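One structure is given here, and the rest of the page talks about it.
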Amino acid sequence: MTAVVTGSNRGIGLAIVKELLKRGWSVIAATRKPQAESLKELKERYGEQLRIERIDVSDPRSIEEFSRSLKGQVVDVLFNNAGVLVKGDIFDTSYEDFLYTLKVNTLGPWYVARSLVDNLKKSKNPRILNTSSIMGSITTYSGTHSVSYTVSKAALNMVTKVMASQLRSYGIVVVSIHPGWVRTDMGGSAAPVLPEESAKGIADLSEKLTMSHTGRFFDYTGKEIAW
Ligand SMILES: NC(=O)c1ccc[n+]([C@@H]2O[C@H](COP(=O)([O-])OP(=O)(O)OC[C@H]3O[C@@H](n4cnc5c(N)ncnc54)[C@H](OP(=O)(O)O)[C@@H]3O)[C@@H](O)[C@H]2O)c1
């Protein structure tokens, strides 16, 4: 099995990379920081099983370059994990921060997936997991400390819906996932879920996905979430 994980140098992305390597998968770790110590250490331990590539998901040219570096490569699972959170309500969020958040959290996953469709088509069981958040659920919305983040993840959920229907004929499963409230730089130190627990749940879910799951929203325990 071969996976691509974006935002793989720290947080949940790094934990997913570690979990998949432990399970014997080949991993392409995509990151803005290919020289990160966290990934260098894994490379020393896992050698050929881990490939590290540069990507900035806010930059379409960088995504295209990444995709070119994977030409001809089979990709079974794409973990669209990279994300940013800039705090602020509708009055104190700057236009630039809102736009940047949409680029990273919404347009990034769409464009990475689109750029890797030929790689996914080569797989017998291709899957895309878009890392959303419960904060992007319109049904359960009860307030937010970041309007840009909440809107970007709600929009990402619609990207999932549209991609799921348009990639169905190729047999590509597309889901949104909520990784839990996780103890990372983004989640903060009060978060109850450890990155390792979240990554284990996400890896388990990725191994179970079939066409019956496509176009749906799950948390890291496999429980379905309302859009
Ligand atoms: N933690 C939570 O409680 C929680 C809850 C719900 C959803 N999520 C989602 O889970 C995902 C991972 O979150 P996390 O908690 O691990 O966050 P994190 O600790 O802040 O890590 C974010 C990762 O995304 C990468 N990234 C950010 N912008 C990027 C860009 N333009 N191009 C490439 N990589 C970029 C970062 O790389 P750099 O080191 O280069 O910045 C880092 O590897 C995000 O999509 C987040 O929205 C997290």
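The model shown is predicted, which means the values in this text are computed figures rather than measured ones. Just follow the structure's listing: the first ligand is 1, and inside any ligand the first atom is 1.
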*Return the protein residues near ligand 1 (heavy atom under 4.0 Å from any of its atoms), ordered by chain and residue number.*
Gly7, Asn9, Arg10, Gly11, Ile12, Arg32, Lys33, Ile55, Asp56, Val57, Ser58, Asn81, Ala82, Gly83, Val84, Tyr100, Val104, Thr131, Ser132, Ser133, Tyr149, Lys153, His178, Pro179, Gly180, Trp181, Val182, Thr184, Asp185, Met186, Gly187
*First locate atom OH of Tyr111, then atom CG of Leu107, and finally report the distance between them rounded to the nearest 0.5 Å.*
11.0 Å
_Check this for me: Met158, atom CE, are more than 12 non-hydrogen atoms of other residues, nucleotides or ligands nearer than 6.0 Å?_
no
*Taking atom NZ of Lys122 as the centre, does the number of heavy atoms from other residues, nucleotides or ligands within less than 6.0 Å exceed 12?*
no
*Is Val17 reachable from Leu70 through a run of hydrophobic residues whose side-chain heavy atoms are each under 4.5 Å from the next?*
no
*Do other residues, nucleotides or ligands put more than 12 heavy atoms under 6.0 Å from the NZ atom of Lys103?*
no
*Could you give the distance from NZ (Lys124) to CE (Met1), rounded to the nearest 0.5 Å?*
9.5 Å
